[in-house]
Asker: 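Take a look at the following structure, please.
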Amino acid sequence: MGKSDAGVKVPRVAAGHAILRRRGAHRAMKYADVLNDVLEAVRPVIGRGRIATYIPALAAVDPHRFGLALATVDGEVFGVGDCEVPFSIQSISKVFTLSLVLARDGESVWRRVGREPSGNPFNSLVQLEVEHGVPRNPFINAGALVVTDRLQALTGNARETLRAFLRAESGNPAVDFDTVVAASEAEYGHRNAALAHFMASYGNIENPVGSVLEAYFWQCSLAMSCTDLARAGLFLARHGLLADGSRLFSRSEAKRVNAVMLTCGTYDAAGEFAYRVGLPGKSGVGGGILAVVPGRCALCAWSPGLDEKGNSVAGVAALDHFTTLTGLSVF
Ligand code: GLN
């Protein structure tokens, strides 16, 4: 597709693939071919949207990057484009901190954070005041701060617990924090500080606020590639089983994390994401989106251009195209 006719709408799925889907042949379908088709389909929208500029480190990223990786529960990994390029995972980290807290603490975290879609921007202060310091869900900033606070209390070192987990699950011991991003997050973190202090005023933060913010800024700064994230998200596709075959949490808890991802993982665009993609997904302002096909695979799409809700334009388009092409949505 040429530049002149590049519309926001992604080209329709080729007829041949539609036939494949009607026959339910996705089992035999080659993921490598699918990912290449998706890449070609989204090319026109790569670079669309606005990259996050709230910190200089993110504003410097090339908006024309695009990567897509898929890891299957059988251990196969496929990728196209910039799938090996590390990027700032930002709010995708919230899936992992929530999972680590649920694994250690069970359901008690739900006394301090809700699990309803917010319908508000991810860093909104308004709702928190109306709801007396109890965040709507764990995937908006306020909710993630509560979860990180709990992880800090449970482990004594939330950021190290998270890094070790992501290294183990991705199989990549080089997964690490980006110290420049972490420092920027702290420097420009006034709104997150406001959220944390406000919740502390309601007794909904148990550690010193500064230590919770620090752990949160570090978790946002983790740099991982699409391949790393697809692998690291597989425990949600494996119904709670980790890379080494041990169990992080029950099948039911995995289902619940996936459910909260579906309803709350893309902020106030979760309805639109469910409509277009139909998978549990979690986005971050670095332009990454982790999505899960329970029982089958985990995918990660990355492209830095964001829509007005903070979700990657090309990333959503890629996942939309993937589920359209394969029929692999939860619906
Ligand atoms: N570091 C960002 C923040 O706290 C993460 C937000 C996001 O990815 N949506 O504002």
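First listed ligand is number 1; within each ligand, the first listed atom is number 1. Quick caveat: nothing in here was measured; it's all calculated off a predicted structure.
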Asker: Are Arg159 and Phe177 in a cation-pi setup, meaning NZ or CZ lies under 6.0 angstrom from the ring centre and within 45 degrees of the ring axis?
Answerer: yes
Asker: Testing Val316, Leu299, Leu229 for side chain to side chain contact (heavy atoms under 4.5 Å, CB included) with Ile289, which one passes?
Answerer: Val316
Asker: Find out if a path of hydrophobic residues (ILVMFWY) with successive side-chain heavy-atom gaps under 4.5 Å connects Val260 to Val113.
Answerer: yes
Asker: Is it the case that Glu214 and Gln152 place a side-chain donor and acceptor less than 3.5 Å from each other?
Answerer: no
Asker: Please list all pairs passing the ring-ring contact (aromatic ring centres under 6.0 Å, His included) test where one or both residues lie in residues 93-120, with sequence neighbours left out.
Answerer: none
Asker: Can you name the residues that come within less than 4.0 Å of ligand 1, going by heavy atoms only?
Answerer: Tyr54, Gln90, Ser91, Phe122, Asn141, Glu185, Asn192, Tyr216, Cys220, Tyr267, Gly284, Val285
Asker: Evaluate the ring planes of Tyr267 and Phe122, with Trp represented by its six-membered ring, and classify them as parallel (under 30°), tilted (30 to 60°) or perpendicular (over 60°).
Answerer: tilted
